[in-house]
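Letters A, B, ... are given to chains in the order of the sequence lines, protein chains preceding strands, and every chain is numbered from 1.
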Amino acid sequence: DGGITQSPKYLFRKEGQNVTLSCEQNLNHDAMYWYRQDPGQGLRLIYYSQIVNDFQKGDIAEGYSVSREKKESFPLTVTSAQKNPTAFYLCASTTGTGLYEQYFGPGTRLTVT
Amino acid sequence: KQEVTQIPAALSVPEGENLVLNCSFTDSAIYNLQWFRQDPGKGLTSLLLIQSSQREQTSGRLNASLDKSSGRSTLYIAASQPGDSATYLCAVRGVYSGGGADGLTFGKGTHLIIQP
């Protein structure tokens with residue numbers, strides 16, 4: 001089955017630790033995205049990548065970092081510099097041309113205490 | 001900067017009713033608009049995508065319309081069922097001179113409850 005996988009589903013970390021969230025897609029999509037969802041705030045774009053070895057900051061990139069070494073993978077690292085890291089993180093992808101229909105993974109809920 | 005607003009924020013109706021969810025956006029220079037469904041604790045499922053040149057799209061009991069000039073879209077759900085209970089999100093993709101697939105701008109969603 002084609003789709004987007006995110007792991008783990010739940011993640012717990014102590015304050016001050018960096019943590020990496022995994023996102024893999026087998027849809028052969030060129031573009032991949034990371035969003036953050038908070039209650040009452042909607043989804044906000046963290047980073048996106050249109051092609052391997054290239055990525056751009058979204059609206060709330062501070063305290064996050066990404067890499068895109070393979071077309072299928074777009075891991076997100078939440079660093080200790082992120083002031084409010086507890087949130088639901090969603091990975092998405094689209095084709096590089098045409099419809100640009102966006103597909104989402106199941107999400108990772110990160111709790112930092 | 002694009003802003004997307006969804007009204008109402010929450011809606012509760014009896015099963016069987018037809019209903020309309022509203023979405024408005026401030027910048028009419030959009031590439032497309034997507035409607036998503038999100039169940040609690042889950043990712044987003046794409047329901048309908050409307051290209052900027054289209055007026056509406058239909059899938060089963062769902063119909064989405066787009067009036068780009070006025071910055072509005074509606075999602076019409078016919079004969080609602082308890083299984084339709086979820087949060088419905090509207091999102092727009094902007095048009096950029098450089099091309100490429102920039103991210104979506106989302107509304108905060110409408111939380112829909114269909115009473116059995």
Side-chain angles (χ1 to χ4, degrees), chain A residues 3-7 9-10 21 23 25 27 29-51 54-61 66 68 74 87-111, chain B residues 1-10 23-26 29-54 57 59 64 66 86-111:
Chain A
I4 302 172
T5 57
Q6 292 186 244
S7 60
K9 186 173 182 178
Y10 299 98
L21 282 60
C23 177
Q25 56 98 1
L27 299 167
H29 284 171
D30 295 304
M32 297 185 72
Y33 308 79
W34 276 104
Y35 295 88
R36 169 182 172 141
Q37 188 175 34
D38 297 280
Q41 294 248 28
L43 276 78
R44 292 179 290 170
L45 181 65
I46 304 172
Y47 267 99
Y48 64 101
S49 168
Q50 298 179 8
I51 196 169
D54 187 45
F55 46 82
Q56 289 79 40
K57 294 181 179 180
D59 299 322
I60 56 166
V66 294
R68 185 88 186 276
F74 191 40
F88 189 49
Y89 290 87
L90 288 157
C91 178
S93 69
T94 69
T95 55
T97 58
L99 286 180
Y100 290 123
E101 184 170 9
Q102 192 143 91
Y103 296 87
F104 280 81
T108 291
R109 184 164 298 280
L110 173 65
T111 302
Chain B
K1 182 181 176 184
Q2 179 75 269
E3 293 183 2
V4 179
T5 303
Q6 291 188 245
I7 296 173
C23 171
S24 62
F25 46 95
T26 55
I30 65 169
Y31 189 90
N32 61 31
L33 181 147
Q34 253 182 291
W35 282 94
F36 294 91
R37 169 188 173 134
Q38 186 177 30
D39 294 291
K42 306 289 187 182
L44 277 66
T45 300
S46 179
L47 297 173
L48 289 164
L49 178 145
I50 309 178
Q51 298 288 69
S52 62
S53 58
Q54 296 176 319
Q57 281 285 346
S59 176
L66 174 64
T87 297
Y88 290 80
L89 294 152
C90 167
V92 297
R93 185 180 305 282
V95 176
Y96 299 94
S97 59
D102 290 326
L104 292 168
T105 301
F106 281 84
K108 294 183 179 180
T110 294
H111 181 56

Student check: side-chain heavy atoms of A:L43 and B:L44 closer than 4.5 Å: yes

field: Sub-4.5 Å side-chain heavy-atom contact between B:T45 and A:F104
entry: no

message: Within the supplied structure, the quantity of interest is the number of heavy atoms (other residues, nucleotides, ligands) at a distance under 6.0 Å from B:E3 CD; does it exceed 12?
response: no

message: Pairing donors with acceptors under 3.5 angstrom, does anything connect the side chains of A:Q102 and B:S46?
response: no

query: Can you check whether B:L48 reaches A:E101 side chain to side chain, under 4.5 Å on heavy atoms?
result: no

field: Partners meeting ring pair (Phe, Tyr, Trp, His ring centres under 6.0 Å) with A:F88 (sequence neighbours left out)
entry: none

field: Contact class of A:Q6 relative to chain B, heavy atoms under 4.5 angstrom
entry: neither

- prompt: Looking at side-chain heavy atoms only, is the closest gap between B:R93 and A:T94 below 4.5 Å?
  reply: yes

- prompt: Got B:L104 and A:Y35 here, is their nearest side-chain heavy-atom distance under 4.5 Å?
  reply: yes

query: In Å, rounded to the nearest 0.5 Å, how long is the span from NZ of B:K108 to CG of A:D38?
result: 11.0 Å

- prompt: side chain to side chain contact (heavy atoms under 4.5 Å, CB included) between A:L90 and B:Q38: does it pass, once the steps are laid out?
  reply: CA-CA 12 Å; A:L90 288 157; B:Q38 186 177 30; 4.3 Å; yes

- request: Counting only heavy atoms closer than 4.5 Å, note whether B:Q6 contacts chain A via side chain, backbone, both or neither.
  value: neither

- prompt: Taking atom CG of A:L27 as the centre, does the number of heavy atoms from other residues, nucleotides or ligands within less than 6.0 Å exceed 12?
  reply: yes

